[in-house]
Amino acid sequence: MDVLVCLKRVPLAGGTLILTPDSRDIETKHLGFGISPHEENAVEAGVQLVEQMGGTLTLLTLGPSDAEEQLRSQLAIGATRAVLIETDGQEWDPQGTAAALVDAINAEETKFDLIIFGAESADSAGYQIHIRVAHALNRPIVTNVKSMKIENGVASCERVVTTGREHYEAPLPAIVTVRDGLNIPRYPSVPGRMQARKKIVDMKKAEPRVPKLEKVTLALAPSKDKGAEILGKGAEAVPALVDVLKQIGAF
Amino acid sequence: MILVLIDHDRGVIDPLSLRALTAARKLGQDIEAAVIGSDGAGLVAIAGEYGAKVLHVAAHSAITDYTPMASGRALKDLVEKLKPAAVIAAGSPRGNEQLAHLAAFLDIPMAAECSEITLGNPHHVLRARWAGNLIESANVHSDLLVATVLSFSIESESVNGSPASIVEFSPNLEPADSVVKILSRDSGESKGGVTLSDAKVIVSGGRGVGGPDGFGNLEELAALLEGTVGCSRVVTSSGWRPHAEQVGQTGTKVAPDLYIAAGISGAMQHIAGMKNSKTIVVINTDPEAPILRYADYAIIGDLHQVIPALTSAIRQAKG
Ligand SMILES: Cc1cc2nc3c(=O)[nH]c(=O)nc-3n(C[C@H](O)[C@H](O)[C@H](O)COP(=O)(O)OP(=O)(O)OC[C@H]3O[C@@H](n4cnc5c(N)ncnc54)[C@H](O)[C@@H]3O)c2cc1C
Ligand SMILES: Nc1ncnc2c1ncn2[C@@H]1O[C@H](COP(=O)(O)O)[C@@H](O)[C@H]1O
């Protein structure tokens with residue numbers, strides 16, 4: 001079983017966001033980088049499949065050369081090798097990104113049985129790169145998968161909706177997009193990290209295209225401090241909270 | 001003309017589609033709507049009520065349930081026939097998915113989760129990034145605009161229109177279009193108890209709870225308030241609680257009457273999932289925790305002391 005996972009380097013912003021002076025990007029001077037939780041689950045799923053069935057797990061990203069850091073940390077949990085399509089650091093639009101990923105996938109010797117994506121990227125959340133890749137490669141795609149089994153050449157997938165679970169199947173070779181909660185991603189071990197340093201990361205270049213979904217500027221969504229009423233410290237404040245809960249009819 | 005996809009589950013409308021219809025009306029053109037699958041034909045009255053003049057029904061023997069690629073193909077056929085200025089759908093998982101298939105078939109851009117749309121050359125949108133914490137201003141270079149509507153950016157408004165007229169058509173599906181579809185369903189893990197998305201009260205715990213055992217106290221309080229337990233991502237990725245309880249960007253979005261956040265710092269990805277709760281109570285040792293900005297009431301202190309004290313005080317008050 002040969003598996004490919006596509007992932008994207010994103011800043012790990014948790015608290016208040018700050019924009020660059022030209023308002024085109026998030027100021028990342030004081031931020032670490034990572035990948036989306038969905039994509040962590042995608043890599044973990046790939047590692048588990050290769051552990052169970054043998055084969056290889058390849059990682060693919062389009063991003064700045066610094067994205068090697070995200071590839072190495074995912075190689076450390078068990079991926080076989082990685083491919084980095086290097087950009088000048090500008091984010092590419094979904095069509096341009098998908099086209100470059102497709103070219104890189106077609107250039108691989110391995111014909112991947114399964115390609116796994118995150119359900120949406122953490123930062124731009126376009127909900128589409130995987131579907132564009134599926135069309136270009138003529139493969140079936142199941143999105144938003146929360147539980148998956150591979151049996152007899154078929155990916156058997158579940159998607160969670162408000163009313164319960166929906167069951168889909170796709171014959172391999174296929175594409176699935178996965179959601180946080182699919183599994184619990186493991187942490188890299190020390191030997192895993194050592195091995196990852198020696199694994200191959202192929203660097204590639206691609207021609208940028210004129211973006212058709214053209215980012216002009218970013219703005220912070222308005223949010224105002226609700227001005228919490230501090231009821232007090234520790235257990236002493238509990239009676240005041242009980243009064244509040246009574247007032248709002250919580251019991 | 002603007003074409004709006006009305007999404008439905010075996011004939012039952014997704015109410016977010018009504019918001020998409022409302023957003024589409026603001027573009028100042030005639031509205032026509034599309035449903036995929038003949039069991040959507042019953043939505044003709046509501047489509048008209050929300051402003052659609054015509055309801056196009058894609059009927060095909062291969063479409064018996066949700067079949068996203070076939071939806072994309074059917075919409076492509078409609079676009080080629082009707083030449084609308086835009087195709088709009090709800091910013092739901094299904095809305096985003098079906099329009100992404102349309103955009104992929106036509107190899108044109110798609111703008112997901114838009115809070116504002118202006119038609120032009122190029123078209124212009126405001127769209128949500130980072131779970132709505134950032135708003136992107138973007139130009140869309142394409143004759144046809146394909147866009148989904150950020151659901152909480154608009155409420156649905158009826159225009160009390162008369163029922164739409166029905167036009168049935170048969171999309172030119174290829175075999176590959178219907179390979180992936182819903183094969184079966186089940187009711188999931190719901191144990192008959194209160195689920196996160198319906199709960200009126202959520203007692204939510206974060207890293208500050210310290211481990212799986214600490215959640216016993218939260219469960220007790222939640223049960224007393226006839227609510228349920230929620231948690232942050234640190235908690236699920238540590239395996240302390242099941243993912244079904246995670247609140248936030250990659251978990252469940254909730255809006256209960258009362259949300260108690262204990263030992264949760266308030267990362268924007270968590271806030272994105274609970275900020276619309278009616279009353280937010282925070283229990284945190286850190287008076288500077290970012291979650292305080294979203295709180296109505298707060299106790300600064302150790303949740304391991306505050307929660308048991310709260311539980312027994314409520315028990316007493318209840319008598
Ligand atoms: C793309 C993306 C998506 C994400 N999606 C989600 C999501 O859906 N949901 C989500 O929750 N997170 C999500 N995250 C993770 C998020 O950024 C934070 O890492 C996470 O929410 C932090 O969880 P926490 O508040 O429990 O932990 P921490 O940030 O570590 O906060 C712990 C808090 O507990 C307090 N505390 C400690 N001890 C006590 C005590 N004894 N009593 C009271 N208070 C105490 C501390 O003061 C602190 O404020 C996502 C991240 C990314 C990048
Ligand atoms: N630059 C990128 N390189 C590789 N994969 C990507 C990139 N951007 C997005 N993806 C993948 O496509 C998925 C969907 O992205 P999006 O369409 O932006 O929501 C992500 O979860 C990733 O798996």
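Below, chains carry the letters A, B, ... as their sequence lines are ordered, and counting in each starts from 1.
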**Request:** Give, as side chain, backbone, both or neither, the part of B/A128 having an atom under 4.5 angstrom from any heavy atom of chain A.
**Result:** backbone
**Request:** With chain B as the partner chain, list the residues of residues 93-106 of chain A whose heavy atoms fall under 4.5 Å from it, by residue number, and write 'none' if nothing qualifies.
**Result:** A/Q95
**Fill in**
Rounding to 0.5 Å, atoms OG (B/S237) and CG (A/N41) come to a distance of 9.5 Å
**Asked** Under a 4.0 Å N-O cut-off, is there an ion pair linking A/R24 with B/E136?
**Response** no
**Prompt:** Looking only at heavy atoms, which two atoms of A/G126 and B/M110 are closest? And how far apart?
**Reply:** O-CE, 3.5 Å
**Asked** Side chain, backbone, both or neither: which part of A/A240 has a heavy atom under 4.5 Å from chain B?
**Response** neither
**Request:** Could you have a look at B/K318, B/H123, B/R127 and say which one has the most heavy-atom pairs with chain A under 4.5 angstrom?
**Result:** B/R127
**Request:** Would you check, one step at a time, whether the test side-chain contact (heavy atoms from CB on, under 4.5 Å) holds for A/S223 with B/R293?
**Result:** CA-CA 9 Å; A/S223 92; B/R293 296 203 290 127; 3.7 Å; yes
**Request:** Counting only heavy atoms closer than 4.5 Å, note whether B/L134 contacts chain A via side chain, backbone, both or neither.
**Result:** both
**Item:** Contact origin within A/L17 toward chain B - heavy atom pairs under 4.5 Å
**Value:** side chain
**Request:** Under 4.5 Å heavy-atom distance to chain A, tell me which part of B/E226 shows up: side chain, backbone, both or neither.
**Result:** neither
**Prompt:** Side chain, backbone, both or neither: which part of B/D107 has an atom under 4.5 Å from a heavy atom of chain A?
**Reply:** both
**Prompt:** So, B/R129 and A/E120, do they make that salt bridge, N to O below 4.0 Å?
**Reply:** no
**Prompt:** Considering only heavy atoms, which portion of B/T250 lies under 4.5 Å from any heavy atom of chain A: side chain, backbone, both, or neither?
**Reply:** both
**Message:** I need the residue from A/T143, A/V142, A/V133 with the largest number of non-hydrogen atom pairs under 4.5 Å to chain B.
**Reply:** A/T143
**Request:** Side chain from CB out, backbone as N, CA, C, O: work out which of these in A/S121 comes under 4.5 Å of a heavy atom of chain B, or both, or neither.
**Result:** neither
**Asked** Can you tell which of B/A267, B/G301, B/A138 has the highest number of heavy-atom pairs within less than 4.5 Å of chain A?
**Response** B/A138
**Asked** Of the backbone (N, CA, C, O) and the side chain (C-beta and beyond), which part of A/K224 lies under 4.5 Å from a heavy atom of chain B, both, or neither?
**Response** backbone
**Prompt:** Any side-chain heavy-atom pair from A/I141 and B/V180 closer than 4.5 angstrom?
**Reply:** no
**Minimum-distance pair of heavy atoms, taken over all atoms of B/Q305 and A/A235** = O-CB, 4.4 Å
**Within 6.0 Å of CG in B/D143, more than 12 heavy atoms from elsewhere** = no
**Request:** Would you name the heavy atoms of B/A317 and A/V242 that are closest together and state the gap between them?
**Result:** CB-CG1, 4.3 Å
**Message:** Looking at every heavy atom in both A/V238 and B/L310, which two are closest together, and how far apart are they?
**Reply:** CG1-CA, 3.7 Å
**Prompt:** If you look at every heavy atom in B/L183 and A/Y168, which pair is closest and at what distance?
**Reply:** CD1-C, 4.2 Å
**Prompt:** Top residue by heavy-atom pair count (under 4.5 Å) with chain B, among A/I230, A/T217, A/L245, A/T177?
**Reply:** A/T217
**Asked** Can you tell me how far the OH atom of B/Y66 sits from the CZ atom of A/R159, to the nearest 0.5 Å?
**Response** 5.0 Å
**Message:** If we ignore hydrogens and angles and just use 3.5 Å, is the side chain of A/E214 paired with the main-chain N or O of B/V140 as donor and acceptor?
**Reply:** no
**Message:** Shorter than 4.5 Å, heavy atoms on both sides: which option in A/G181, A/A250, A/G227 has the most such pairs with chain B?
**Reply:** A/G181
**Asked** Looking at side-chain heavy atoms only, is the closest gap between B/I280 and A/K226 below 4.5 Å?
**Response** yes
**Complete:** CZ of A/R165 to CD1 of B/I182, rounded to nearest 0.5 Å, is 14.0 Å
**Prompt:** Relative to chain A, which segment of B/M69 carries a heavy atom at a distance below 4.5 Å: side chain, backbone, both, or neither?
**Reply:** side chain
**Prompt:** In terms of heavy-atom proximity below 4.5 Å to chain A, should B/H141 be classed as side chain, backbone, both, or neither?
**Reply:** both
**Request:** Taking all non-hydrogen atoms of both residues into account, name the closest pair between B/A112 and A/Y127 and its distance.
**Result:** CB-CD1, 3.9 Å
**Request:** Tell me, for B/P93 versus chain A, whether the close heavy atoms (under 4.5 Å) come from the side chain, the backbone, both or neither.
**Result:** both
**Message:** Within the 4.5 Å heavy-atom criterion, are A/I26 and B/W130 side-chain neighbours or not?
**Reply:** yes
**Asked** Heavy-atom distance under 4.5 Å to chain B: side chain of A/P239, backbone, both or neither?
**Response** neither
**Asked** Distance from A/S36 atom OG to B/Q269 atom CD, nearest 0.5 Å?
**Response** 9.5 Å
**Prompt:** Under 6.0 Å from the NZ atom of B/K253, do we count more than 12 heavy atoms belonging to anything else shown?
**Reply:** yes
**Request:** Answer whether the closest heavy-atom distance between the side chains of B/I300 and A/L231 falls below 4.5 Å.
**Result:** no
**Asked** Do the charged groups of B/K181 and A/E166 touch, with an N to O distance under 4.0 Å?
**Response** no
**Message:** For A/I248, which atoms come within 4.5 Å of any heavy atom of chain B: side chain, backbone, both, or neither?
**Reply:** side chain
**Message:** Can you confirm whether B/H243 sits close enough to A/K146 that some side-chain heavy atom of one is under 4.5 Å from a side-chain heavy atom of the other?
**Reply:** yes
**Pick from A/D225, A/I184, A/L19 with the largest number of heavy-atom pairs that fall under 4.5 Å of chain B** = A/D225
**Prompt:** Can you check whether B/S142 reaches A/K212 side chain to side chain, under 4.5 Å on heavy atoms?
**Reply:** no
**Item:** Heavy-atom side-chain contact between B/I299 and A/L241 under 4.5 Å
**Value:** yes
**Request:** Give, as side chain, backbone, both or neither, the part of B/K278 having an atom under 4.5 angstrom from any heavy atom of chain A.
**Result:** backbone
**Message:** So B/E97 and A/I131, do their side chains get closer than 4.5 Å, heavy atoms only?
**Reply:** yes
**Asked** Could you state the interatomic distance from CZ (B/R94) to CG (A/N144), rounded to the nearest 0.5 Å?
**Response** 11.0 Å
**Prompt:** Can you tell me if CD on A/E51 sees more than 12 non-hydrogen neighbours from other groups inside 6.0 Å?
**Reply:** yes
**Complete:** Heaviest contributor of heavy-atom pairs below 4.5 Å to chain B, chosen from A/R179, A/E91, A/K246, is A/E91
**Message:** Is A/E40 close to chain B through its backbone or its side chain, or both, or neither, when contacts mean heavy atoms under 4.5 Å?
**Reply:** side chain
**Atom group of B/V282 that falls short of 4.5 Å from chain A, counting heavy atoms** = neither
**Message:** Is B/T279 close to chain A through its backbone or its side chain, or both, or neither, when contacts mean heavy atoms under 4.5 Å?
**Reply:** side chain
**Complete:** Cut-off 4.5 Å, heavy atoms of chain B, and the answer for A/L182 is neither
